[in-house]
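A short write-up of the structure that comes next.
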Amino acid sequence: LMAILAEEGLARLPSVVPKVVLTPCGKYDGLSAPEGHTICAVDIVRSGGILLEAVRKVMPELKTAKILIQRDEETALPKLFYSKLPPDIAKLNVVLCDPMLATGGSALTAIQVLKEAGVKEENILF
């Protein structure tokens, strides 16, 4: 299931464009593969690891990053504990790996961390 989700997500990146593919059976209207050096997969630690591994199997040359967000026990609000992003992340298309969604608080916090690092919202795929 994660492999299908990873492939579908990567197919929606801007570097994927229509392309005619020549096969032994003839021509096929397909898509070009995304450029791995322009992509960073960001793992929201714990739930995102399984999706990150699926994305890495499809595109092993992409960069990876980690963000750890946990819910504060007293306020029930998401709290950032750790982030490790590549220095050039602002220039990359980001695949935010978090297959679990409950309240959306972790996702919103992760997107805010990415935006503060210079990533444009339109370059984030969630």
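Predicted, not measured: the structure shown is a model, and the values here were computed from it.
Contact record, Pro78 with Gly105: CG-O, 3.5 Å, taken as the closest heavy-atom pair. Across every non-hydrogen atom of Cys97 and Ala41, the tightest pair is SG-CB, 4.2 Å. Between Val16 and Leu10, the shortest heavy-atom distance links the atoms CG2-O, 3.4 Å. In plain terms, the two heavy atoms of Leu85 and Ala117 that are nearest each other are CD1-CB, 3.8 Å.
The pair Lys57-Glu53 fails the salt-bridge criterion, with no side-chain N (NZ, NE, NH1 or NH2) lying under 4.0 Å from an Asp/Glu carboxylate O.
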Margin query: Quick one, Thr38 with Leu13, criterion side-chain contact (heavy atoms from CB on, under 4.5 Å). Give me CA distance, side-chain angles, the key distance, then yes/no.
Written below: CA-CA 10 Å; Thr38 65; Leu13 293 174; over 6 Å; no
Walk me through it: do Lys27 and Leu22 pass the test side-chain contact (heavy atoms from CB on, under 4.5 Å)?
CA-CA 5 Å; Lys27 293 181 181 180; Leu22 296 175; 3.4 Å; yes
**Prompt:** For Leu96 and Val42, what are the C-alpha separation, side-chain angles and deciding distance, and is it a side-chain contact (heavy atoms from CB on, under 4.5 Å)?
**Reply:** CA-CA 5 Å; Leu96 189 55; Val42 179; 4.0 Å; yes
TODO: Take Asn93 and Leu125 through the test side-chain contact (heavy atoms from CB on, under 4.5 Å) and record every step on the way to the result.
DONE: CA-CA 8 Å; Asn93 289 301; Leu125 176 69; over 6 Å; no
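Taken together through direct or relayed side-chain contacts under 4.5 Å among Ile, Leu, Val, Met, Phe, Trp and Tyr, Phe126 and Ile89 form part of one hydrophobic cluster. A chain of hydrophobic side-chain contacts below 4.5 Å, direct or via other Ile, Leu, Val, Met, Phe, Trp or Tyr residues, connects Leu51 to Val95. The cluster map of Ile, Leu, Val, Met, Phe, Trp and Tyr, joined by side-chain heavy atoms under 4.5 Å apart, puts Ile69 and Val119 in the same cluster.
How far OG1 of Thr109 is from CG of Leu114: 11.0 Å, rounded to the nearest 0.5 Å. In this structure, OG on Ser106 lies 6.5 Å from CZ on Arg71, to the nearest 0.5 angstrom. Rounding to the nearest 0.5 Å places CG of Asp43 at 5.0 Å from CG of Leu52. Atoms CD1 and CG, on Ile67 and Leu80 in that order, are 7.0 Å from each other to the nearest 0.5 Å. Note that OG1 of Thr64 is 14.0 Å distant from CE of Met59, once rounded to the nearest 0.5 Å. Within the model, atoms CG of Leu62 and CG of Leu92 stand 10.0 Å from one another, a figure rounded to the nearest 0.5 Å.
Here salt bridge (charged side-chain N to carboxylate O under 4.0 Å, His left out) pairs that include residues 83-94, with residues two or more places apart or in two chains, are Lys63-Asp88.
A 6.0 Å sphere centred on CD of Glu73 holds no more than 12 heavy atoms belonging to other residues, nucleotides or ligands.
Partners of Glu116 by side-chain hydrogen bond (donor to acceptor under 3.5 Å, both in side chains), not counting sequence neighbours, listed by chain and number: Gln112. In this structure, Glu35 has no side-chain hydrogen bond (donor to acceptor under 3.5 Å, both in side chains) partners at least two apart in sequence or on a different chain. The side-chain hydrogen bond (donor to acceptor under 3.5 Å, both in side chains) check on Glu121 picks up Lys115, with sequence neighbours excluded.
As a member of the Ile/Leu/Val/Met/Phe/Trp/Tyr network built from side-chain separations under 4.5 Å, Leu77 groups with nothing else and remains a singleton. Grouped by direct or indirect side-chain proximity (heavy atoms under 4.5 Å, Ile/Leu/Val/Met/Phe/Trp/Tyr only), Tyr82 sits with Val45, Leu68, Phe81.
When atom types are taken as modelled, the side chain of Ser32 and the backbone of Val17 share a donor-acceptor pair closer than 3.5 angstrom.
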